[in-house]
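Below is one structure; the comments refer to it alone.
Both counts, for ligands and for their atoms, begin at 1 and track the order of listing. Because the structure is a prediction, the values reported are computed rather than measured.
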Amino acid sequence: MNKPLVMGVVNVTPDSFSDGGRFLDAGAALSRARRLIEGGADILDIGGESTRPGAVPVPESEEIARVVPLIEAIRGESGVRISIDTMKPAVARAAVAAGATIWNDVTALRWSRDGVAAAAELGCEVVLMHMLGEPRTMQDDPRYDDVVAEVGAFLAERAETAMAAGVAREKIWLDPGIGFGKTVAHNLSLLAHLDALVDLGFPVILGASRKRFLTALDPSAKEPDQRLPGSLAAALTGAAASVAAVRVHDVAETVQALKVWAAIHA
Ligand code: HH2
């Protein structure tokens, strides 16, 4: 069985939930990127705007000023694949010009009317993620009749829309959007049925690392950096379902867990 690629998260924001903005300083972000590369990251996911509930929106120019120098610095010293975590076509454009090759969009190219056209024009890979509602209100009583079927149908529709606009099929990744407009039960259903999303025929990326539902399952893990064991459990669940990549904060630890998993299943 193939083990998933590991995508390491590098936030250049003052308000990300998972790291409390400790990496806003450009030098600190570069140090973190280097550490994740050493830890075995296949992809670095660079984000300049937090998507957590209640996060303050960041102007386009500010987001570009946060991410582009970091992408250029990483590109200057490593061949690691770089993805840009943004909803904004202008930020994706600037990031791709600086060396990113993947546009990771939590809105699945819906934030801007130009999203799909921009992705087609850039010719980069795109991650289409499911989110119910918008970040500010998405955790206010989210409801589904059948979360797995509805997330699958949404992602299939977004992939069709992207392809109709000229995005090549082989450039598309899908992501269930764990924690984005989902209760704990919804997250667990999606994790238990990842194979249904993998069966859509696109590579699937799973982002469960350090998310809040892990604390609901183990209240002793209050802070994001106490959620590593739960994050590893989710990553291994993804591996067993043949996801193509896991988006994580603790890269070296996840790489080790996946190595052991892959050796067992070799
Ligand atoms: N989760 C977050 C951000 N971007 N992208 C994808 N494709 N999948 C995810 O699950 C995902 C994502 C939220 O996590 P984090 O980046 O740690 O927090 P913040 O958005 O506050 O920076």
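Within the 4.0 Å heavy-atom cutoff, Trp173 does not count among the residues contacting ligand 1. For Arg210, the closest heavy-atom approach to ligand 1 does not fall below 4.0 Å.
With a 4.0 Å heavy-atom cut-off, ligand 1 is reached by the side chain of Lys211 but not by its N, CA, C or O.
Listed by number with element, the atoms of ligand 1 under 4.0 Å from a non-hydrogen atom of Met129 are 6 (C), 8 (N), 9 (C). Close approach of ligand 1 to Asp175 (heavy-atom distance below 4.0 Å) involves ligand atoms 6 (C), 7 (N), 8 (N), 9 (C). Numbered from 1 in the order shown, with element, the atoms of ligand 1 that lie under 4.0 Å from a heavy atom of Val106 read 4 (N), 5 (N), 12 (C). Using a 4.0 Å cut-off to heavy atoms of Asp85, the atoms of ligand 1 that qualify are 3 (C), 4 (N), 12 (C). Heavy-atom proximity to Val127, at under 4.0 Å, picks out these atoms of ligand 1: 7 (N).
No salt bridge links Asp225 with Arg227; every basic N to acidic carboxylate O contact stays at or beyond 4.0 Å. Contact check on Lys88 versus Glu49 returns a salt bridge, with a Lys/Arg side-chain nitrogen under 4.0 Å from an Asp/Glu carboxylate oxygen. A salt bridge does not link Glu38 to Arg34: none of the charged nitrogens lies less than 4.0 Å from a carboxylate oxygen.
For atom 20 (O) of ligand 1, the candidate residues are Leu174, Leu206, Thr51; the nearest heavy-atom contact is made by Thr51.
A donor and an acceptor atom, one from each side chain of His265 and Lys3, are nowhere located under 3.5 Å apart.
In terms of polar-atom proximity, Gly207 is counted as a contact of ligand 1, with an N or O under 3.5 Å from an N or O of the ligand. In terms of N/O distances under 3.5 Å, ligand 1 is approached by Asn11.
Contacts of Arg247 classified as side-chain hydrogen bond (donor to acceptor under 3.5 Å, both in side chains), with partners at least two apart in sequence or in another chain: Asp45, Asp85. Applying the side-chain hydrogen bond (donor to acceptor under 3.5 Å, both in side chains) rule to Thr183 yields the partners His186; only residues at least two apart in sequence or on another chain are considered.
Side chain of Arg158 to main chain of Ala108: a donor-acceptor pair is present (N/O by atom type, distance under 3.5 Å, no hydrogens or angles). Put simply, the side chain of Thr107 gets close to the backbone of Arg110: a donor and an acceptor are under 3.5 Å apart.
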